[in-house]
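Structure record follows, encoded as structure tokens.
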Amino acid sequence: MNGLRLGVNIDHVATLRQARYATMPESKNAEPDPILAASICERAGAAGLVAHLRADRRHIQERDVERLRQSLMTKLNLEMGNTEQIIDIALRIVPDEVCLVPEKREEVTTEGGLDVIAQRKDLEPTIKRLQLAGIRVSLFIDPTLEQVDAAAELGVEMVELHTGKLANAFTEKIQKEELEQLRAAARAASESHLQVNAGHGINYKNIKLIHEIPSLTELNIGHSIISRAMWVGLETAVKEMLAAMKNYPG
Ligand code: PXP
């Protein structure tokens with residue numbers, strides 16, 4: 001049975017639109033439209049869509065999140081930093097899920113997991129407010145037992161394990177160590193009754209390594225799928241990733 005679900009991150013569809021239409025993303029000529037991309041992903045078999053509303057609005061805009069909320073047939077996972085302005089937007093739009101991530105203005109993409117231990121006091125009220133609004137909450141964390149334990153103590157529904165270091169490992173030794181960390185963190189999270197997701201840097205090649213991580217429910221993948229879509233089209237790119245995720249041993 002293929003139990004592994006795919007959430008497609010469509011930020012980079014908006015990145016391309018913003019490259020030309022940053023000052024008028026709602027113009028009738030503004031393309032490509034992330035909402036159209038989302039519906040193609042759903043048709044291809046994605047279990048949900050992921051969008052990161054960043055403080056600098058470099059790709060996804062608030063209006064995109066509103067439109068996704070209205071049009072999705074599956075589920076919307078809103079990635080966001082823990083800031084008052086973005087929390088207000090999340091509470092207004094009410095996505096199905098929120099994944100809290102660390103966010104630095106100068107980074108190209110999310111660079112690592114949240115430090116749940118150090119930020120516990122700031123995270124706790126946010127998690128409560130989101131959950132009270134009926135939103136399931138995930139914390140994007142590095143794969144360490146300490147971070148898993150801290151996440152479990154905060155009462156979130158899910159963690160998303162950061163796979164970026166595995167994806168970018170320079171040597172086989174680092175890759176092996178990172179995979180071991182991910183395996184141990186996934187086991188621990190599952191034992192703490194957390195839903196275990198994974199994401200960042202997953203592509204059509206390294207996906208076979210992801211199969212070695214136990215207890216996963218969902219993968220959130222963006223850059224590789226949107227890039228592949230340039231050559232084969234989005235529907236095929238999503239279907240190819242789903243095929244590569246098949247037969248996950250669980
Ligand atoms: N999960 C999280 C928490 C992320 O921040 C990102 C990048 O926005 C992804 C998944 C998707 O990563 P990628 O684009 O490398 O597949």
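Hydrogens, waters and symmetry mates play no part in the numbers below; they use all other heavy atoms, side chains included. We count residues from 1, following the sequence as given. Atoms within each ligand, like the ligands themselves, are counted from 1 in listed order.
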Looking just at side-chain N and O atoms, do [X] and [Y] make a donor-acceptor pair shorter than 3.5 Å?
X	Y	value
Asn197	Gln195	yes
Glu160	Asn220	yes
Glu26	Gln61	no

How far is [atom] from its nearest protein heavy atom, and which residue and atom name does that atom have?
atom	answer
atom 16 (O) of ligand 1	Gly222 N, 2.8 Å
atom 12 (O) of ligand 1	His200 CA, 3.5 Å
atom 8 (O) of ligand 1	Asn9 ND2, 3.4 Å

Looking only at distances, can you tell me whether any N or O atom of Gly201, backbone or side chain, sits closer than 3.5 Å to an N or O atom of ligand 1? yes

Looking at non-hydrogen atoms alone, which of Ile226, Ile225, Asn220 comes nearest to atom 11 (C) of ligand 1? Asn220

With atoms numbered from 1 as shown, which atoms in ligand 1 lie under 4.0 angstrom from a non-hydrogen atom of [X]?
X	value
His223	13 (P), 14 (O), 16 (O)
Val101	3 (C)
Ile221	16 (O)

Go through the structure and list residues passing salt bridge (charged side-chain N to carboxylate O under 4.0 Å, His left out) with Arg63, not counting sequence neighbours. Glu66

Decide yes or no on side-chain contact (heavy atoms from CB on, under 4.5 Å) for Thr171 and Gln175, but give the supporting numbers first. CA-CA 6 Å; Thr171 63; Gln175 189 180 77; over 6 Å; no

Using a heavy-atom cut-off of under 4.0 Å, does the side chain or the backbone of Glu160 touch ligand 1, or both, or neither? side chain

Below 4.0 Å, non-hydrogen atoms only: which portion of Glu79 touches ligand 1? Side chain, backbone, both or neither. side chain

Who are the ring-ring contact (aromatic ring centres under 6.0 Å, His included) partners of His162, not counting sequence neighbours? Phe140, His200

Between Thr217 and Val196, does the side-chain contact (heavy atoms from CB on, under 4.5 Å) criterion hold? Intermediate values first, please. CA-CA 6 Å; Thr217 294; Val196 192; 5.6 Å; no

